[in-house]
Protein chains: 2
Amino acid sequence: MSEVTPPGSAMPVVLEGFFKALADSSRLRIIGLLGMRPHNVGELAQALGLTEPTVSHHLARLREAWLVNLRAEGTTRIYSLRVDMLETMLRHALDFEELARLTPTPRPDMAWVNDLALSEADRKVFRDYFNGRRLKHIPTKQSKLLVILRWLAEKFAPGVQYTEQEVNAILKTVHPDYARLRRELVDFRLLAREGGGGLYWRVVEPPDA
Amino acid sequence: MSEVTPPGSAMPVVLEGFFKALADSSRLRIIGLLGMRPHNVGELAQALGLTEPTVSHHLARLREAWLVNLRAEGTTRIYSLRVDMLETMLRHALDFEELARLTPTPRPDMAWVNDLALSEADRKVFRDYFNGRRLKHIPTKQSKLLVILRWLAEKFAPGVQYTEQEVNAILKTVHPDYARLRRELVDFRLLAREGGGGLYWRVVEPPDA
DNA sequence: ACGATAATTAGATAAGCATCAAATTAGAAG
DNA sequence: CTTCTAATTTGATGCTTATCTAATTATCGT
């Protein structure tokens with residue numbers, strides 16, 4: 001008896017998922033139909049005027065929100081409503097303290113920041129100044145700028161010489177003002193430039209000693 | 001005293017809007033904060049770590065769903081929660097008959113179909129075979145195909161001669177297989193082609209007499 | 001009239017997602 | 001094993017929207 005039990009994750013996360021699950025007219029209609037009696041996928045598709053893949057998709061969303069149960073019977077799958085869960089969740093929507101404690105949805109496009117070998121304070125700099133992989137603004141404060149420049153420098157392999165165009169191409173993926181970034185990298189001696197030829201390479205040992 | 005009253009629109013429409021309004025963690029947090037006491041925009045922005053425009057946007061969404069009230073006091077605007085409306089809507093979520101009766105959200109990108117001077121049956125052909133302005137498939141059934149071809153023919157001004165490229169360009173806005181459409185238009189004598197030079201023009205009087 | 005402050009609107013960007021057609025899986029029944 | 005059928009998965013497309021910055025509106029105090 002593989003019965004559903006509340007997921008391990010905390011309830012607050014679930015609450016947003018619950019409302020997202022109901023924030024679609026097709027899914028609301030499915031809830032309505034399942035509330036009257038269990039249905040299989042084909043019946044629902046028929047009643048809703050949608051294709052089976054679409055209904056399948058909606059049922060998967062509802063299942064993630066623990067709102068429907070699934071019972072297999074031969075090749076057909078019979079879905080039924082978890083009225084108890086529905087009522088529970090609706091009750092939670094009136095717990096204002098809980099709502100106020102909700103955590104902003106972590107932005108998946110910022111997840112890479114967690115993989116950086118940095119202090120939490122430095123990671124905050126990234127979260128503040130980046131939108132996904134793009135730098136929103138170049139920080140004015142030198143300490144914050146340096147956090148980002150050091151990370152940028154690591155995009156250049158040690159011992160490799162880059163043409164100015166290559167350097168620009170790499171920097172452009174982060175911010176349109178690649179010239180400014182390049183200049184700052186050189187000024188802070190994270191990148192070195194050969195006098196005449198326009199070749200750049202990464203300075204491996206930061207000369208802060 | 002401009003007090004809120006239930007909108008004129010039917011409740012079903014409102015129900016989906018209600019869940020959409022709550023299907024966002026920022027708005028759920030706003031509900032939580034307003035549930036404890038009224039707040040102005042700046043306070044909310046502060047508490048949520050969002051900019052004021054963003055909070056303003058969320059409050060507008062909540063207002064459309066009749067979930068918050070607004071009171072102006074000097075230049076600041078004080079928002080408060082409509083707990084009664086919140087409770088009412090939550091109760092509706094358990095009325096399965098009502099949910100099942102919900103109408104699929106009318107697709108705004110299909111609204112142009114209503115402006116066509118056609119029978120309702122013909123309009124249904126458009127709704128079935130179009131996604132927005134793009135034809136999903138070319139209908140197999142001749143009667144349905146003709147409905148669409150007649151409409152297509154009207155995109156060509158009477159008395160004007162079009163090069164094949166011009167014809168293709170017009171048809172391509174509707175379906176990638178412009179060649180098929182062009183051939184069908186000619187076969188059904190909605191478009192005529194000059195024998196050698198590749199010039200096309202619209203046949204004004206359909207020769208069905 | 002003039003800043004200064006609070007809020008909204010406009011515009012841009014990027015993520016999310018509803019939907020469909022086509023391809024795939026999996027059970028049932030010959 | 002093969003074939004049929006129910007359902008899911010995959011991949012693509014286009015709409016919606018959350019968020020930001022910049023610009024605008026509105027109200028107060030001087």
Side-chain angles (χ1 to χ4, degrees), chain A residues 16-17 19-30 39-46 48-64 70-79 104-111 127-137 175-176, chain B residues 16-17 20-30 39-46 48-64 70-79 104-111 127-138 175-176:
Chain A
E16 185 189 352
F19 283 107
K20 277 199 199 305
L22 295 196
D24 176 89
S25 70
S26 298
R27 286 195 289 269
L28 281 177
R29 295 166 76 204
I30 290 176
H39 289 69
N40 62 39
V41 181
E43 289 171 337
L44 290 173
Q46 186 74 36
L48 298 171
L50 296 174
T51 65
E52 291 200 1
T54 300
V55 173
S56 218
H57 162 74
H58 286 309
L59 288 168
R61 311 282 325 260
L62 290 174
R63 216 143 71 93
E64 285 163 21
L70 170 56
R71 171 167 54 92
E73 199 158 279
T75 111
T76 97
R77 286 149 167 267
I78 294 153
Y79 285 84
T105 315
R107 298 179 51 174
D109 61 323
M110 289 269 97
R127 276 192 268 266
D128 287 348
Y129 284 89
F130 274 81
N131 245 335
R133 299 280 179 170
R134 307 281 300 180
L135 190 54
K136 289 191 287 192
H137 323 286
H175 193 81
Chain B
E16 185 190 352
K20 277 199 198 305
L22 295 197
D24 176 89
S25 70
S26 297
R27 286 195 289 269
L28 281 178
R29 295 206 286 156
I30 290 176
H39 288 69
N40 61 39
V41 181
E43 289 171 339
L44 290 172
Q46 185 74 37
L48 298 171
L50 296 173
T51 64
E52 290 201 1
T54 300
V55 173
S56 216
H57 161 74
H58 287 307
L59 289 168
R61 311 281 326 257
L62 290 174
R63 216 143 72 93
E64 285 163 20
L70 169 57
R71 170 167 55 92
E73 198 159 279
T75 110
T76 95
R77 286 151 167 266
I78 294 153
Y79 285 86
T105 315
R107 299 180 49 175
D109 60 324
M110 289 270 95
R127 276 191 267 267
D128 287 348
Y129 284 89
F130 275 80
N131 245 336
R133 301 278 180 172
R134 305 283 300 181
L135 190 54
K136 289 190 286 192
H137 324 285
I138 299 178
H175 192 81

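All values below were derived from every heavy atom in this structure, side-chain atoms included, with hydrogens, water molecules and symmetry-related copies excluded. Proteins come first, then strands; the chains are lettered A, B, ... in the order of their sequence lines, and each starts at number 1.
- Atoms CG (A:L62) and P (C:dC17) sit 13 Å apart, rounded to a whole Å.
- Every residue two or more places apart in sequence or in another chain that forms a side chain to side chain donor-acceptor pair (under 3.5 Å) with B:T54 is listed here: B:T51.
- Across the protein-nucleic acid pair, A:F19 atom CZ and C:dC17 atom P stand 16 Å apart, rounded to whole Å.
- Between the P atom of C:dA7 and the CD atom of B:Q46 lies a distance of 12 Å, rounded to the nearest Å.
- Regarding contacts with the backbone of C:dA6, every side-chain N or O of B:Y79 stays at 4.0 angstrom or more from both OP1 and OP2.
- If you take CD of A:E16 and P of C:dG16, they are 11 Å apart, rounded to a whole angstrom.
- Applying the 4.0 Å criterion to OP1 and OP2 of D:dA18, one finds that B:R27 has a side-chain N or O inside that range.
- One finds the CD1 atom of A:I30 at 5.0 Å from the CG atom of A:L59 (value rounded to the nearest 0.5 Å).
- Here the nucleotide nearest the side chain of A:R61, chosen from C:dC17, D:dA6, C:dA7, is C:dC17.
- The side chain of B:S26 lies closest to D:dT19 when the candidates are D:dT8, D:dT19, C:dT8.
- Side-chain atoms of B:R63 do not come within 3.5 Å of backbone N or O of B:L70 as any donor-acceptor pair.
- Protein atom CG of B:L70 is 15 Å distant from nucleotide atom P of D:dA26, rounded to whole Å.
- A:E43 is linked by a salt bridge (charged side-chain N to carboxylate O under 4.0 Å, His left out) to A:R37, counting only residues two or more places apart in sequence or in another chain.
- The NE2 atom of B:H39 sits 17 Å away from the C1' atom of C:dA7 (whole-angstrom rounding).
- In this structure, B:R71 atom CZ and D:dT27 atom P are separated by 16 Å, rounded to whole Å.
- Of the residues in residues 50-59 of chain B, those with a non-hydrogen atom less than 4.0 angstrom from any atom of DNA chain C are B:E52, B:P53, B:S56.
- Contact record, A:A21 with A:R27: O-NE, 2.6 Å, taken as the closest heavy-atom pair.
- To the nearest 0.5 Å, the span separating CG on B:L50 from OG on B:S56 amounts to 12.0 Å.
- Where the helix from C:dA1-D:dT30 to C:dG30-D:dC1 starts and where it ends, the local axes point in directions that differ by 20°; five pairs per end, rounded to 10°.
- With sequence neighbours left out, the side-chain contact (heavy atoms from CB on, under 4.5 Å) criterion links A:E64 to A:R61.
- The CG atom of B:L28 lies 8.5 Å from the NZ atom of A:K20; values are rounded to the nearest 0.5 Å.
- Under the rule for a side-chain contact (heavy atoms from CB on, under 4.5 Å), A:Q46 has no partner lying at least two apart in sequence or in another chain.
- Here B:E16 contributes atom CD and A:D24 contributes atom CG; the two are 6.0 Å apart, rounded to the nearest 0.5 Å.
- Scored by the side chain to side chain donor-acceptor pair (under 3.5 Å) test, A:R71 finds A:E73 as partners (sequence neighbours excluded).
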Which atoms of nucleotides 25-30 of chain C (N or O only) lie under 3.5 Å from a protein N or O atom, and what are those distances?
none

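- Rounded to an integer number of Å, the gap from CG of A:L22 to P of C:dA18 is 12 Å.
- The shortest heavy-atom contact between B:G42 and B:E52 is CA-OE2, 3.4 Å.
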